[in-house]
Amino acid sequence: MAGGVVLHGSREAAIHCLAIEVRERWAGRSDPGLPATPPDDDQDAVDAFFRVVKDEWYWLHAVTIPAAAAAVLANMTVWVLHHDTDARTTGEVTVHASRQEAVAHLAGKIRDTWDWVTDEEDAEVPDTPPGDDEEAVELYFTIRRRQEGDESYTLHDVELPGPFTAASAAPAAPHPAP
């Protein structure tokens, strides 16, 4: 799919949006095992597409928005941080009011595991992380990429579609790709 993060008020709304994109991309494909036309049911269409098209995937993550905050989040930009610590998990997804808050959150996490990068026999790796959050995150992940580790992160700004209601702010169960 196109990539990035999109927030929806419910699991059903997320699947419906994904199904629209899958159906648009269905036409003209000749993948073995992909039916000529997509199923009418949104979940069935999504499942059929991703079962056959192996080089694409999706994740649904539940994000809890407290009811008190949901009312004031309409048309607001938030920062969604997705931090993967290894290839076996979908990682942690957190929502932050600003980019700086998201980077500070990630910097706190990597400072707790700084010893993972100090095992390097590299004189350029300090024994303790830099005090600046941006610098600490950049250095840590530069070293982790060099170590060929599976740890990574993405940070996206997302415009919330609000206003949210109590029903749409309730979390939906995560649904990994088939």
Side-chain angles (χ1 to χ4, degrees), residues 1-65 70 73-96 99 101-103 105-106 109-110 113 116 137-138 140-165 167-178:
M1 307 289 26
V5 174
V6 179
L7 296 181
H8 297 278
S10 69
R11 180 186 182 289
E12 292 75 23
I15 291 297
H16 180 69
C17 183
L18 189 57
I20 290 170
E21 187 169 344
V22 162
R23 287 183 179 110
E24 287 173 358
R25 299 186 55 229
W26 203 291
R29 292 193 73 103
S30 60
D31 300 86
L34 192 64
T37 59
D40 290 333
D41 180 77
D42 287 345
Q43 185 69 60
D44 290 346
V46 169
D47 289 347
F49 184 86
F50 287 103
R51 188 174 29 255
V52 171
V53 181
K54 300 290 186 192
D55 61 340
E56 296 191 34
W57 56 90
Y58 73 98
W59 288 279
L60 292 181
H61 296 281
V63 177
T64 302
I65 300 173
L73 292 177
N75 302 317
M76 176 181 181
T77 299
V78 296
W79 290 82
V80 178
L81 172 64
H82 185 184
H83 180 203
D84 285 324
T85 53
D86 64 45
R88 296 179 304 272
T89 66
T90 57
E92 174 187 51
V93 177
T94 54
V95 178
H96 304 271
R99 184 181 189 290
E101 285 182 21
V103 171
H105 175 82
L106 183 57
K109 295 279 189 179
I110 60 111
T113 59
W116 292 0
V137 167
E138 180 63 32
Y140 181 87
F141 284 99
T142 297
I143 296 165
R144 292 296 283 158
R145 281 189 296 273
R146 192 170 60 221
Q147 292 174 335
E148 297 181 19
D150 291 332
E151 188 174 13
S152 64
Y153 77 96
T154 58
L155 184 58
H156 304 277
D157 60 325
V158 176
E159 177 84 19
L160 294 177
F164 290 95
T165 64
S168 69
H175 183 77

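It should be emphasised that the depicted structure is a prediction, and the values quoted were computed from it without experimental measurement.
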So do Asp84 and Glu151 actually touch side chain to side chain, heavy atoms under 4.5 Å? no
Quick check: does any side chain N or O of Arg23 sit under 3.5 Å from a backbone N or O of Thr37, one acting as donor and the other as acceptor? no
Between Ile143 and Arg145, is a side chain to side chain contact (heavy atoms under 4.5 Å, CB included) present by the stated rule, with each step listed? CA-CA 5 Å; Ile143 296 165; Arg145 281 189 296 273; over 6 Å; no
Given side chains that start at C-beta, do those of Val80 and Leu155 come closer than 4.5 Å, heavy atoms only? no
Less than 4.5 Å apart, any side-chain heavy atom of Asp157 and any of Arg99? no
Over all atoms of both residues, closest heavy-atom pair of Ile15 and Val46: O-CG2, 4.0 Å
For Leu34, check side-chain contact (heavy atoms from CB on, under 4.5 Å) against everything at least two apart and list the hits. Trp26, Arg29, Asp31, Val52
Would a 4.5 Å heavy-atom cut-off, applied to side chains only, mark Leu81 and Val93 as touching? no
Show your working on side chain to side chain contact (heavy atoms under 4.5 Å, CB included) between Leu18 and Phe50 and close with a plain yes or no. CA-CA 11 Å; Leu18 189 57; Phe50 287 103; 4.0 Å; yes
Determine the interplanar angle of the His83 and Phe141 rings, folded into 0 to 90°, and report it as parallel if under 30°, tilted if 30 to 60°, perpendicular if over 60°. perpendicular
Would you say that more than 12 heavy atoms from the other residues, nucleotides or ligands in this model lie under 6.0 Å from the NE2 of His96, or not? yes
Might you work through the side chain to side chain contact (heavy atoms under 4.5 Å, CB included) test for Trp79 and Val103, ending with a clear yes or no? CA-CA 10 Å; Trp79 290 82; Val103 171; over 6 Å; no
